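Just below is one structure, and these are the notes that go with it.
Since the model is a prediction, treat every value here as computed from it, not as a measurement.
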Amino acid sequence: MIKFRKKIANREGFSFIEGIVAAFIVTVGMVAIIQLMAATLLSSYNSRNQIVATFLAQEGVEIFRNIRDNSWAQGVPTFNNPNFPAAMANCRVDMLSTNITDCV
């Protein structure tokens with residue numbers, strides 16, 4: 001019976017320090033995973049915005065080409081067309097019309 005009690009007393013287990021170290025490692029791992037998820041989400045939002053901006057720019061170029069092609073079809077030279085501004089300016093183009101408006 002005495003030998004049995006010694007075996008129970010000598011049984012090794014986790015010490016308090018080992019538990020603290022294990023909790024720290026798990027916490028660091030969870031923080032790293034959460035930061036990785038946040039960075040991935042931000043990157044996907046930025047990618048989506050870049051794709052939308054690319055498509056909007058392409059649509060604007062197509063509208064200007066349409067205006068230019070319609071002018072050529074009507075026999076009006078491109079650079080003498082009153083629809084195009086004489087200098088570089090910030091202008092707005094409506095998708096449903098053939099006029100360039102609000103040039104600044």
Side-chain angles (χ1 to χ4, degrees):
M1 190 80 123
I2 294 174
K3 289 182 182 179
F4 182 68
R5 287 187 183 172
K6 283 185 180 179
K7 286 184 180 180
I8 292 175
N10 290 334
R11 195 181 287 181
E12 294 183 23
F14 284 108
S15 67
F16 182 71
I17 300 296
E18 289 173 336
I20 296 288
V21 169
F24 176 74
I25 291 172
V26 169
T27 303
V28 168
M30 293 300 289
V31 167
I33 289 171
I34 290 170
Q35 286 181 346
L36 181 63
M37 289 172 51
T40 302
L41 189 62
L42 181 64
S43 176
S44 70
Y45 284 146
N46 288 338
S47 296
R48 183 195 63 178
N49 289 339
Q50 287 178 352
I51 289 170
V52 168
T54 301
F55 287 146
L56 288 174
Q58 181 179 2
E59 183 179 356
V61 168
E62 288 174 0
I63 290 171
F64 272 99
R65 284 183 181 165
N66 186 18
I67 293 171
R68 180 199 62 187
D69 292 345
N70 286 337
S71 296
W72 284 353
Q74 294 170 0
V76 178
T78 303
F79 296 108
N80 294 336
N81 188 344
N83 288 334
F84 284 100
M88 294 297 290
N90 292 330
C91 300
R92 292 180 185 223
V93 178
D94 186 13
M95 183 170 69
L96 301 177
S97 73
T98 59
N99 293 329
I100 301 172
T101 59
D102 298 337
C103 290
V104 178

Test side chain to side chain contact (heavy atoms under 4.5 Å, CB included), reference I25, set V28, V21, T27, output is V21
How far apart are the C-alpha atoms of M37 and L41, what are their side-chain angles, what is the distance that settles it, and do they pass the side-chain contact (heavy atoms from CB on, under 4.5 Å) test? CA-CA 6 Å; M37 289 172 51; L41 189 62; over 6 Å; no
Rounded to the nearest 0.5 Å, how far does CD of Q35 lie from CD1 of I33? 11.0 Å
Does A39 offer a backbone N or O that forms a donor-acceptor pair with the side chain of S43 under 3.5 Å? no
